[in-house]
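Taking it in order: structure first as C-alpha cells, then the write-up.
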Amino acid sequence: MISRGRTGNMKMRHMAYRNLLGRMFRTILMLLAVAIAVSLFVGLSSLTEGMEDKMGGATESMGEWGCVDAMGEGGGIFYGKLNGDIGRTIDRIPGVRYVVPRVYGMAELKGVELSRPVSAGQISGIMGEAGGIVMEQMVGMMGGTAGKMLEGKGIAELMNSVVLIGIDPTKETIINSYPTKMIEGSIFDSPIGGAIIGKMLADESGLGVGDEVRVAYGGKRRDFNITGIYEVGNPLEDKGIAVSLRDARDLKGMGRNEVSMFRVIPEPHVETGTIGMWIKAKCRGVSIMDQGALMEALGEQIDQFKVYEYIVEAIVILASFGFILIMTMRSIAERTKEIGTLRAIGWQKPDVLKLITMESTAIAIVGTILGIIIGILLPYLFQAMMPIVFPNIPVPPMTELTKITSATIIYAFIIGCTSGIIGGIVPALQASKMSPVDAFRAE
Amino acid sequence: MIETRNVTKIYKLGDTDVIGAKEINLKIEEGEFLSIMGPSGSGKSTLLYLIGGLDKPTSGDVLIDGVNIVEMEERALCEVRRDKIGFIFQEFNLISTLTAIENTLVPLIPMGVSDDGMARGMKLLESFGLKDRIDHLPGQLSGGQQQRVAIARALINEPEIVLADEPTGELDTKSGDELIQLMEKMNRREGVTFIIVTHDPVVSEKTRRTIFLKDGEIVKD
C-alpha cells in the first residue's frame, strides 16, 4: 500500500478550491447571495448607527441637562421675538437653574458659494421619518410669519440660506451647550465682529479660521472674522454661523432687550414638562418646546426604524441562507455521481462532509468579506451614483450619516459566515450519508 | 480470495420484488482475469457491487481474504474499498474540475498524498501513455484517455482486486482493445485480480475465465 504523508488537509482544501473554481458560475452566484445579504446588513446597520450618533449629537447640543425652549408665539425661533423681561420672569420660576438667551435667523453669506445647499429633501433624507417631525415642528415654530415667508419661497429655497445664531458664549459655556464641540480655533471673545461657523458650512464654503465673511440679513450687512469651527451633530446648525447676541440683534434689527428664544435648564430632578407648564402659566404669548420630549419622540422613531431594519435584515439573511441551501443542494444533486464515486473508492462519510463544508466555508468567508467591503462602500457608491441616475433629486450626505462600528463588522462576519456555513452543511450531511449504490442509482 | 456464499439480493421497486442476485456461490482466486457476462438486467453490476462492498446482500456472505465484508461496519468497509479494491466505471466517473494526476490521486487525498503516492500516480499515467496529459482536465481528454486515468486511479492504492463495470462500454473498438490489453498487462505484471463486467463477447474472449449470469443466477462458469 502507498504510504501517506501529512499533506491531507492541504490537498483536500486544494480539491475544494478546484471544485469552486471549476464551477465558477455557481460559485459566483453563491458568493453574491452571501455578499448582498452581508452588505445590506452592514449598510442598514451603519445607517441606524449613524442616525443614533447624530441624535446623540443633537441631544448633546441641548447641553448635559434636559431643557425647555421658550419662544414667541406665532413667529417661532426664526421670526418671533421675546422681551428680555420674560427671561427674568422665567428665571424666578422654582426649579429653573439657568435661562440662556439666543437669537435665531436665516441669513445669507455674501460672496460665498455653497457646494451643496441643504434642502428640505436632504433634511428628510438625513433624519428619515424623524426629520419629517422636525420639519413640522420647525414650521410650527416659525408660525404665521414663517408661513408667509414660505409661501413665496418654499422650504427648499429657504434652506439655501444658513442659520444665524446669536449666543452669549459665557452662559452657553456654563450649560455646556452651544457649541458642544470646537474642532478648530476657539469661540470669539469679543462681543462685536467675531463668529464661529459650523463644520458643514466650512466644508461647503471653503471658509476657515481667520477668514472674513459678510453676512446679510434683509437689507443689513455685517463683516465677521471667523475664530473657530464647531460641530454639534445637527445638520441645520452645523450649517450655521454663530455670532454674539449683540451682533445678531443688530443684523436682525431687534431691540437691545429682545431675543428669539430662551433655553431654560431646570434644576436636577425637575421635570422639563413641569417647567414648561410653569412658563406657560407665568408668561403670556410664549410657546414652549420641550426638547427632551422631542428627542424622546425622535428616539422612538429611530427605534421604530431599527425594528424595520431588523425585519429587513432577517429577511435578507434568511433569503441568502435559503439560496445557499438550495444552490448547495442543487450542486450536490448534480454531483451525486461524484460523491458516489468518492465513497466507492474509499472516502469515508466525514471526508465527503469535510470537502463540501470546506467549499461552503470558503464561499461564506469570501462572500462575507466581499459583503462587508460593499456595505462600507455602499454610502459612497450611493452618493456617487445618485446624481448620475437621478440628477434632479437632492442626495442626502450619506457618507456623513452612516457610521461603521467594529460591532457591526463583527456581527456581519458572524452572521454571514454562520448562514453560509450552515446553508452548506445541511446538504453536505445528506450527501455524506448517501451510499455509493444509491448515488449511482440516483444518477 | 473472494468467495460468495448463497448471496441473494432483492430490490424493492414499489410493491414488486426484483431479484438482482440469486443464491450465488462463487470463488475467485488471487490473480484471476475474469469477466462476468449476461444480458441487461441479469445482475452483473449487482454482483460486482456486492463483491466490492458497495451494496449489502439481502442474504448470504461475501468474503474477501476470508473476512466477511457483509458484517463489517461502514468505516471498516470503506477501508477495505480504499486499500484492497479499485473501481473502474463505464462512464469513467472522473471529477471534472481536477486534472488527470489529481483524479489519479483522489483516493489518497483524505489521508494525505505523500511523495511516494505522487510518484506512483505519475508513473502510472506515464506507463499508460498519458505523460503529456497529466495536467489536462477530463474534458480535454478522449474517452480512452479518460478511462486510462480511471484505471490509474483504481490502481493508485496498489489494490489486490480491480472491479470494472463495463469499462469499454463508452469506448470505440480500438480504445476498448487497448484498455483490455492494459488491464491484462497489469494483471500479469502486478498480479492484480481483475473482474470485468461486460456484455461484449470480444472483451470476455480476452479474459481467462467467464461467468454467465441470467436473471441473477450463474448459468455458466
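Throughout, protein chains are lettered first and strands after them, A, B, ... in sequence-line order, and every chain is numbered starting at 1. Since this is a predicted model, take the numbers as computed values, not measurements.
- The contact between B:Leu137 and chain A is made entirely by side chain atoms (from C-beta outward), counting heavy-atom distances below 4.5 Å.
- Only the side chain of A:Leu342 comes within contact range of chain B, with at least one heavy atom under 4.5 Å from a heavy atom of that chain.
- Salt-bridge formation is not detected for the pair A:Glu334/A:Arg23: no Lys NZ or Arg NE/NH1/NH2 atom is positioned less than 4.0 Å from an Asp or Glu carboxylate oxygen.
- Under the 3.5 Å distance criterion, with hydrogens and angles disregarded, no donor-acceptor pair is assigned to the side chains of B:Gln145 and B:His136.
- For B:Ser45, no part lies under 4.5 angstrom from a heavy atom of chain A.
- The part of B:Tyr11 that comes within reach of chain A is its side chain, from C-beta onward, which places non-hydrogen atoms under 4.5 angstrom from that chain.
- A salt bridge does not link B:Glu74 with A:Lys349: every distance from a Lys NZ or Arg NE/NH1/NH2 to an Asp or Glu carboxylate oxygen is 4.0 Å or more.
- Residue B:Glu79 touches chain A through both its backbone and its side chain, counting heavy-atom pairs closer than 4.5 Å.
- Under 4.0 Å is where a charged nitrogen must lie from a carboxylate oxygen, and between A:Glu359 and A:Arg335 at least one such pair does.
- A side-chain donor from one of B:Thr97 and A:Asn19 sits under 3.5 Å from a side-chain acceptor of the other.
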